[in-house]
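The block underneath contains the structure these notes are about, expressed in structure tokens.
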Amino acid sequence: MAYSHQLIEKKWQKFWEENRIFSVKNASTSSSNKKTFYALDMFPFPSGAGLHVGHPEGYTATDIICRKKRMEGYEVLHPMGWDAFGLPAENFAIKTGQHPEISTNANIENFTKQIKSLGFSYDWERELSTTDPDYYKWTQDLFLKFYEKGMLYEDEKLLNWCNSCKVVCANEEVEQGLHERCGNAVTKKSLKQWMFKITDYAERLLQDLEKPNVILLHGWEGTGKSNWFPEITDYLKKNGIDVYHPDFPNTNHPKYAEWKEFFQKEIQPKLQPNSIVVGHSLGCGFLQKYLSEENIKIGEIVFVAPTVGDCGVDEIKDFFTEEFNYEKIKNSADNIFIIAGGKDKYITSDEFKFLAKKLNAHFNFYENLGHFLENTSIEILEFFKKTVQSVLDWPEKIKAMQRNWIGKSEGLLFSSPLIFEYTKKRGTKSSCEGAHSGKINLSGSSRSSQIFSIVLNNIKEVKKKNMRTHISKIQKTFLINNQKIVFDGFALWEHWKRKNNYEKKYRKEFAATVIKSLSSLYYESEFIGYFSSKNSIYRIVFEYIEKDVKRIKTYYRVTDLSSLYQKNKNNLKIQTYSTHFEAFKADTFFVIAPDHPLLPKLIADVDNKNAIEKKCENILEKRAQLGFEEEKESDGIFTGRYIQDPVGNGKLPLWVASFALADYGTGIVKCSCHDERDFAFAKKYNIPLKAVLFPEDKEEAKKVKNLEYCYSDMKNGVLTEPSKFSGKKSGELREEIMQYVEKNNLAERQTNFRLRDWIFTRQRYWGEPIPLVFDENGKCYPLDSSELPLLLPKTDNYLPSSSGESPLAKITDWVQVKGYITKDETVKIITNSHQVPKGVEIQNFTRETSVMPNWAGSSWYYLRYMDSKNSNEAFSKEAENKWGPVDLYVGGAEHAVLHLLYARFWHKMLYDMGIVSTKEPFKKLVNQGLILSYAYQRKSGGLVPTDEIEEKDGKFFEISSKEPVEKITAKMSKSLKNVVNPDEIVEAFGADTLRMYEMFMGPFEQNKAWDTSAVEGMYKFLSRIHRYFTEKEISKTCPSPELIKLTHRTVKKVSKDIDEFKFNTAISQMMVWMNAFQKLDTVPQIAGGKFVRLLAPFAPHLAEELWQKFSPEDETISFKSWPTYDESLLVENNVKYAVQVNGKLRGDFEISKNATKEECIAKAKTIEKVMNNISMLGGEEKVRKEIFVPGKIVGFVVK
RNA sequence: GCCGAGAUGGCGAAAUUGGUAGACGCGCGAGACUCAAAAUCUCGUUUCCUUCGGGAAGUGUGGGUUCGAUUCCCACUCUCGGCACCA
């Protein structure tokens, strides 16, 4: 019977689909403790080109794992969907005039057909598309949750702008400074964008790439082995997590001071930024007090049955103070959990609730549980299961790329006084005078009037209930690190009072609003508030600052504005950031970025101001145009200003330099000759240099004549400058110098990240509309959740507009809406007046017209799959608990940074809100290699299309010129005519062949070239299997013990290889099995049955077909148990020894596995060849050593 | 420049507590079946030397440790991927 793959595959695909074989339910079944497994493929963008042979590679791998897991009894979630928003669909629409929705749906249909033809065991009932309103409703819903949390702000951003196409283009669309579509130069254009504060999570996104450790702190009369501690310790250790469970001293009569000393000595050094510290009972009390005293940063705190406040027990009184600094405790961890019971004998439920509220903790309360004194605790074990699932099992490569992208660096922040003689400008009032005339003054800022009006705008709204500040719009524009703001609160109050009807009761709100406005404006800057007298406003404002405004680093209470202003002016500090401060003694100049916000102010009074401005423009223009591959020569100009070096190098000049970046560090760099870039710059402009590091070799150092040698040797250099550090290696100095400068107030430690906030808006059509509206004053409101989904309006005009605005902006009747503000500060849109509840004010609103980037939909789709039909929420907690996190995530490495980072970011925000239960979304990540194709390359380097090549004697020639060409591997491309269409392969050889071949090509994670003749080889293998199983009768017994052993060996090897993603060797083992068995006249029942089940994950259609022969009563092989093997059968009775003389193979022999060393050596000596070799080397008496490796080697060392 | 991965026959590749290098497949060669071809099956296939017994070399290059190294250590070359004026 011939192997008719087409019939077999169609038949089984139909069967699987009609019987919904691979659908899984969310509700727990009767066997509720069934293990679950969630395997996910990166969902594809359904492009018009259809499926590529690269797609099925990853899909096959997950399918093999899933099918095996099902046979092992797991409940398997294996979904598929479409990432269908995005530029390509829109560009296709622009080109063809066809609406993106139409082309997208057609592409999805085509992709579905193609993917289904490959026989993957997807649960198609959970299929989703990011473009489906039922899906993006929840994308918008999550967006609003993040907006509520304050994770979004609006900012002006410089974007790539193509003047010829009048369109904003993504970085990916810009090549060498030119727009890839039209070839014209790309410039920068400033546009307002919504920004996601991913930088708030930079540290955690970095830390959670590493394994956390866990510290367990016991309570009164407990030990590190009390209660459930051993159970949890074992569980965590088994999962590779380090656990410390110390015994506090004097546990029966605990003293806080003793415990503190112990903790500092034993535990403190083990704390990492992602440590999880767990306390039980008094262990929590200790931790509360300790954390409110010390500055510590850890990952999570878990309080189990914590003591709260003063327990009223005298013995442990010193563990409590009147009230802890809960703010400080809260800030020392990313998340705090409280696990407590309602039947606790020592602490009341109200006390737990009090603590949870104070610490803003996640509160896991169990009504029927007590003080957690038992030996086991399901609740705590459950908690740590989630911890274990949050430990990433990812390729080092991807983790490294993420670390790189986040780009953390630790260094020192130097504050240097600017030498800056203040000169009064002609004709203008001094700032002090201005203050008294009722205006806000911001020292040196030309934009004070703008800020003033914005603050006033906010204050106007104090009257309204539920006041919401709308300051984010201008936040970053005025964020100047080095600037101190002088703000006259009293003057503002007077001003406001005049303009509005004064009412005493608004005072508090007024104060709050002012401070809130300014604090978000001057986020992380130094803030100086000034109030003319100690009146009540003064008091209220500063109370407010002290309590609620954390972001302001420092503030001063000053009552005399003019003296403050003068002091501030003369002490303007320039801050510089350095990670290579070992050579700070060599610093001889400063550089500032040409686009630094402080620069205009610095050069305002300088003579050659115009020349400097021109130079800056020049540099910035060049920077915008240059692709990064081009040579970058540094360029700059002297600013005319000097800075007093805080670490004793005197008065140093400040230069504008092209290599300084405004948005890294502080935008101002302190430079020395020991940095290659600084060195080149100084040489170019003849800035004096001073070398302080020399090679360690003193003799060499003496020979050094020029500075070039010095800077190149900085890494191993020794500081020679006569100071307390001289004579030490720079590497060893880092910590010492850090401590020295900190102690002497010369600098402070600072961490910097390369990661920038995420621009979350696109001025495009084909994306999720953003559910925000603006009122007539430009204040932003979120839409009410009842307004979701906010549908993407239908239009034929989806071309980007010339203003850089979204195409949606042109749909006026969609953009301009009427609505009212709800109690929750959200906006409800009304289409007719009947809908309007009584007592609300109808206002005009304008919609946000940008759409989300296509990373939005892909940042959470894995969660929707868990509960894709849910119409009440994005996904239910139960579903997330059952399936999350994704156990296995497979896809290309091209998403190593953006998609995976964004998804992790969203997941972490959801975790903090208590919406998901794990810190990380994807437990194990595997990247498939690229599938390449052969291509032919001329000697000159040009590539020749495949159909213009002929082969002669294994060599390749170009037909037209007869020139020899070289066969290489390259990406598949239409122009090279080497694209392989999976449909054709399925048609000719079948899905099983395609699956098997792609798995057999080579290691899964490696790139590999497509070879169609090898595909035929795989087809032959499957045909051989088919022939063997269909043409030969089943026999009850297996004729040879060797073959039984082979079968068991094959089961073991294939099982292990699948788990390790070594599909190629699993298949080769099946080939070995087949080669041996096909020589038989029959199919031994047990061995054959095992083999077919091993084959099932790889070639499911064929396996189903063959299984019918073994077990005709079974409907499907999909849930038959995975074959087992008997380890004892794998041990051979006889083993083969290799015999070596001086490490070279000279023969072998077979002997019983129980043979002793002596027996083996004696046997080895009977081999003629061995003895010949020994006598050639001098005979048996020269044998110095006999080597015996049991089961493997007998060796003789002859000398 | 920085970070990461890798280099083994004509080709894809296998081989881990250091122990017989090249499993399995492709390709190629020989043979069987056939009038013939295809398909199928059998045998061979790292290179060089050979008196046909066998011998020598061999896992990017050069060193080292070891009785023994694809595997461990040091230095280097090349290839691929990512980042890049990041102080």
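In the text below, chain A, chain B and the rest are named by the order of the sequence lines, each starting its count at 1. It should be emphasised that the depicted structure is a prediction, and the values quoted were computed from it without experimental measurement.
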Between [options], spot the one nearest the side chain of [X], thanks.
X          : options                   : answer
Lys1079(A) : rU42(B), rC86(B), rC24(B) : rU42(B)
Ser1068(A) : rG25(B), rA84(B), rA23(B) : rA23(B)
Asn404(A)  : rC3(B), rC24(B), rG19(B)  : rC3(B)
Leu661(A)  : rC86(B), rA14(B), rA57(B) : rC86(B)
Arg754(A)  : rC26(B), rC67(B), rC83(B) : rC83(B)
Arg677(A)  : rC86(B), rA13(B), rU20(B) : rC86(B)
Ala660(A)  : rA87(B), rC86(B), rC26(B) : rA87(B)
Lys1136(A) : rC86(B), rC41(B), rU20(B) : rU20(B)

Looking at [N], which nucleotide sits across from it as a Watson-Crick or G-U wobble partner, both distances under 3.5 angstrom, or is there none?
N       : result
rA36(B) : none
rA7(B)  : rU77(B)
rC2(B)  : rG82(B)
rU20(B) : none

Without decimals, in angstroms, what is the distance between [X] [atom1] and [N] [atom2]?
X          : N       : atom1 : atom2 : result
Lys397(A)  : rA5(B)  : NZ    : C1'   : 7 Å
Phe1063(A) : rA14(B) : CZ    : P     : 14 Å
Met1070(A) : rA23(B) : CE    : P     : 19 Å
Lys1008(A) : rG12(B) : NZ    : P     : 13 Å
Met1018(A) : rA13(B) : CE    : P     : 14 Å
Phe1098(A) : rG25(B) : CZ    : P     : 16 Å
Gln1140(A) : rG19(B) : CD    : P     : 11 Å
Leu1145(A) : rU20(B) : CG    : C1'   : 5 Å

Notebook entry, point to check: Under 6.0 Å from the six-membered ring centre of Tyr1137(A) and within 45° of its axis: does the NZ or CZ of Lys1163(A) meet both?
Noted result: no
Just call it for [X]: base, sugar-phosphate, or nothing, with non-hydrogen atoms closer than 4.0 Å on any strand.
X          : result
Lys1169(A) : sugar-phosphate
Arg1024(A) : sugar-phosphate
Asn752(A)  : nothing
Gly892(A)  : nothing
Phe414(A)  : nothing
Gln1006(A) : sugar-phosphate
Arg1146(A) : sugar-phosphate
Gly1017(A) : sugar-phosphate
Pro395(A)  : nothing
Asn1075(A) : sugar-phosphate
Val1072(A) : sugar-phosphate

Under 4.0 Å between a side-chain N or O of [X] and OP1 or OP2 of [N]?
X          : N       : answer
Lys1062(A) : rA15(B) : yes
Asn1142(A) : rU66(B) : no
Tyr577(A)  : rA87(B) : no

What distance, rounded to whole Å, do you find between the two [atom1] atoms, one in [N] and one in [M]?
N       : M       : atom1 : answer
rC11(B) : rG19(B) : C1'   : 29 Å
rG6(B)  : rG60(B) : C1'   : 11 Å
rC33(B) : rC43(B) : C1'   : 15 Å
rG22(B) : rU59(B) : C1'   : 9 Å
rC85(B) : rA5(B)  : C1'   : 27 Å
rA7(B)  : rU61(B) : P     : 13 Å
rC76(B) : rA21(B) : C1'   : 25 Å
rA23(B) : rU8(B)  : C1'   : 14 Å

Check: How many angstroms lie between atom CE of Met996(A) and atom OG1 of Thr60(A), to the nearest 0.5 angstrom?
Finding: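 Between atom CE of Met996(A) and atom OG1 of Thr60(A) there are 11.0 Å.
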Notebook entry, point to check: Charged N to carboxylate O below 4.0 Å: is that the case for Glu57(A) and Arg995(A)?
Noted result: no
Contact check, side chains of [X] and [Y], non-hydrogen atoms, under 4.5 Å:
X          : Y          : answer
Ile1151(A) : Cys1160(A) : yes
Ile1025(A) : Met1074(A) : yes
Phe414(A)  : Ser578(A)  : yes

Next item on the list: Apply side chain to side chain donor-acceptor pair (under 3.5 Å) to the pair Gln1078(A) and Arg1024(A), showing each step before the final yes or no.
Entry: CA-CA 8 Å; Gln1078(A) 71 171 358; Arg1024(A) 225 162 74 204; 3.2 Å; yes
Checklist line | Check: Thr639(A) side chain, Leu654(A) main-chain N or O, donor-acceptor pair, under 3.5 Å | finding: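 Side chain of Thr639(A) to backbone of Leu654(A): a pair is present.
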Notebook entry, point to check: Closer to the 5' end of RNA chain B via nearest nucleotide, is it Met1001(A) or Lys1053(A)?
Noted result: Met1001(A)
Checklist line | 5′-ward residue of the pair Ser1013(A)/Asp1148(A) relative to RNA chain B | finding: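 The answer here is Asp1148(A).
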Note to self: Can you tell me whether the base of rG6(B) sits syn or anti, using the 90° cut around 0 to define syn?
What the structure shows: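 Glycosidic conformation of rG6(B): anti.
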Margin query: Determine whether Tyr1028(A) and Ser1023(A) satisfy the following criterion, side chain to side chain donor-acceptor pair (under 3.5 Å), listing intermediate values before the conclusion.
Written below: CA-CA 8 Å; Tyr1028(A) 173 64; Ser1023(A) 307; over 6 Å; no
